[in-house]
Amino acid sequence: MLFFRKWGFPTVMLGPFILLIAIFFFLPVILITILAFTNMDSSMQWTFNGLANFQRLFHDPNILEILNHTLVYVVFTLVINVIFGLILSIITTYFVQKESVSLFIRTIWMLPRMSPPVVYILLWLWFLDSSQYGVLNSIRSLLHLGHQALLTTHPMLVVILANGIIGASYGMIIFSSAIKSIPQDLYHAAKVDGSSTWSIIYEIIIPSLRWPMMFVTMWQLLSLLTSYEYILLLTKGGPLHESEVLSLYSFHSAFQNFEFGYGSAVALVLVVIALILSFLMWKVFGMNKMIKNSRID
């Protein structure tokens, strides 16, 4: 009876959410871990094959190229996500003082994230269409320049730009909220002391965003490591694996080649990489300081 009085109400309120998390998050992780050590294929029959999938992954002729693409994609897209998001937040909260105007700008940048991924990618495909009807090539024709086929010649550049622009909106929202929490007295005191606009940004705004920047960096890093839908819709990882990343390679192995065991092994390796990077960033950023209790009584 005492246990029910103490935990009954929290269990009733949180029970459905805990059940959903267990079904849609923890259960898939368990299943993928099991499948990674099997030879399941399109027949949906499998037997345990030990480390055979991981040995195959180690000798895969495409894996080094895919890991390199993953590194390039994650690093450069992450830089755009954080830096561009920071620039947008400073513009819409410090330089644009009228709230209605700044809210309109933030809404415009949030539209791609609120739109279905298919719609967002269709706009990119239309813009980069290699024919004369593509927006980019139409502009180049007006300037008497030759046509470009960036999706074929520079697929990774297109993937990074497409993901970087839509990802910057997340950082923009987080950073904007943090900038608004900075006391206005700090700005007034800095202006009285004769500080320039850039001094205020470097000395007041950016130092105040230390923890939000760390959070956005870690969040976007894990998101970029595991997401592939925009790459799948934009280039399908091609041409010839030139824009293939590890998460998309896992998807192709499982649902295109019907090698569910091997695809699960690739996904499991990706999870391990994400955990290692999370631990390293946790230590480098000193995230434990942020969650410690305040020393102020």
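Just so you know, these numbers use all the heavy atoms, side chains as well, and skip hydrogens, waters and symmetry mates.
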Work out which heavy atom in [X] is nearest to a heavy atom in [Y]; give both atom names and the distance.
X      : Y      : result
Asn62  : His241 : ND2-NE2, 3.9 Å
Leu233 : Leu125 : O-CD1, 4.2 Å
Thr153 : Pro155 : C-CD, 3.5 Å
Tyr228 : Ser247 : CB-OG, 3.5 Å
Phe251 : Leu232 : CE2-CD2, 3.8 Å
Ser102 : Val96  : N-CG1, 3.8 Å

Do the side chain of [X] and the main chain of [Y] share a donor and acceptor less than 3.5 angstrom apart?
X      : Y      : answer
Thr70  : Leu246 : yes
Ser176 : Ile173 : no
Asp129 : Val135 : no
Tyr94  : Ile179 : no
Thr38  : Thr47  : no

Are the side chains of [Y] and [X] in contact, using a 4.5 Å heavy-atom criterion?
X      : Y      : value
Leu67  : Leu71  : no
Tyr120 : Leu111 : no
Ser130 : Thr152 : no
Ile121 : Tyr230 : yes
Ile166 : Arg113 : yes
Val245 : Leu224 : no
Leu151 : Thr235 : yes

Going only through I, L, V, M, F, W and Y residues with side-chain contacts under 4.5 Å, is there a path from [X] to [Y]?
X      : Y      : result
Trp219 : Phe279 : no
Leu161 : Ile83  : yes
Met172 : Val79  : yes
Ile205 : Val192 : no
Val75  : Leu86  : no

Between [atom1] on residue [X] and [atom2] on residue [Y], distance to nearest 0.5 Å:
X      : Y      : atom1 : atom2 : result
Ser169 : Ile108 : OG    : CD1   : 12.5 Å
Asn81  : Ser223 : CG    : OG    : 8.0 Å
Gln220 : Ile80  : CD    : CD1   : 11.5 Å
Asn68  : Glu244 : CG    : CD    : 13.5 Å
Ser227 : Leu222 : OG    : CG    : 10.5 Å
Leu51  : Leu57  : CG    : CG    : 11.5 Å

Output side-chain donor-acceptor pairs under 3.5 Å for residues 262-278, partner residues at least two apart or in another chain, one line each.
from	atom 1	to	atom 2	distance (Å)
Tyr262	OH	Asp60	OD2	2.6
Ser264	OG	Phe260	O	2.8
Ser278	OG	Ala274	O	2.7

Inset, instruction - Sorted by first residue and then second, give each ring pair (Phe, Tyr, Trp, His ring centres under 6.0 Å) pair with at least one member in residues 135-159; sequence neighbours left out. - result: none

Legend entry - Qualifying ring pair (Phe, Tyr, Trp, His ring centres under 6.0 Å) pairs, either residue in residues 49-81, two or more places apart: Phe37-Phe54

Legend entry - Connected-component partners of Leu20 among ILVMFWY, side-chain separation under 4.5 Å: Leu19, Ile21, Ile23, Phe24, Phe25, Phe26

Inset, instruction - Take the angle between the ring planes of Tyr170 and Phe215 and call it parallel below 30°, perpendicular above 60°, tilted in between. - result: tilted

Inset, instruction - Return each pair, listed once, that meets salt bridge (charged side-chain N to carboxylate O under 4.0 Å, His left out) where at least one residue sits in residues 44-59; pairs must be two or more places apart or across chains. - result: Arg56-Glu259

Inset, instruction - Decide whether Ser195 and Asp193 meet the rule of one side-chain donor and one side-chain acceptor closer than 3.5 Å. - result: no

Legend entry - Criterion side-chain contact (heavy atoms from CB on, under 4.5 Å) on Leu240 and Glu65, from CA distance to verdict: CA-CA 11 Å; Leu240 299 175; Glu65 180 184 8; over 6 Å; no

Inset, instruction - Kindly write out the residues that satisfy ring-ring contact (aromatic ring centres under 6.0 Å, His included) with Trp46, not counting sequence neighbours, or none if the list is empty. - result: Phe48

Inset, instruction - Kindly determine whether Thr197 and Phe95 satisfy side-chain contact (heavy atoms from CB on, under 4.5 Å), including the steps that lead there. - result: CA-CA 9 Å; Thr197 299; Phe95 288 101; 3.6 Å; yes

Legend entry - Trace of the side-chain contact (heavy atoms from CB on, under 4.5 Å) decision for Asn163 with Leu234: CA-CA 10 Å; Asn163 283 270; Leu234 194 58; 5.8 Å; no

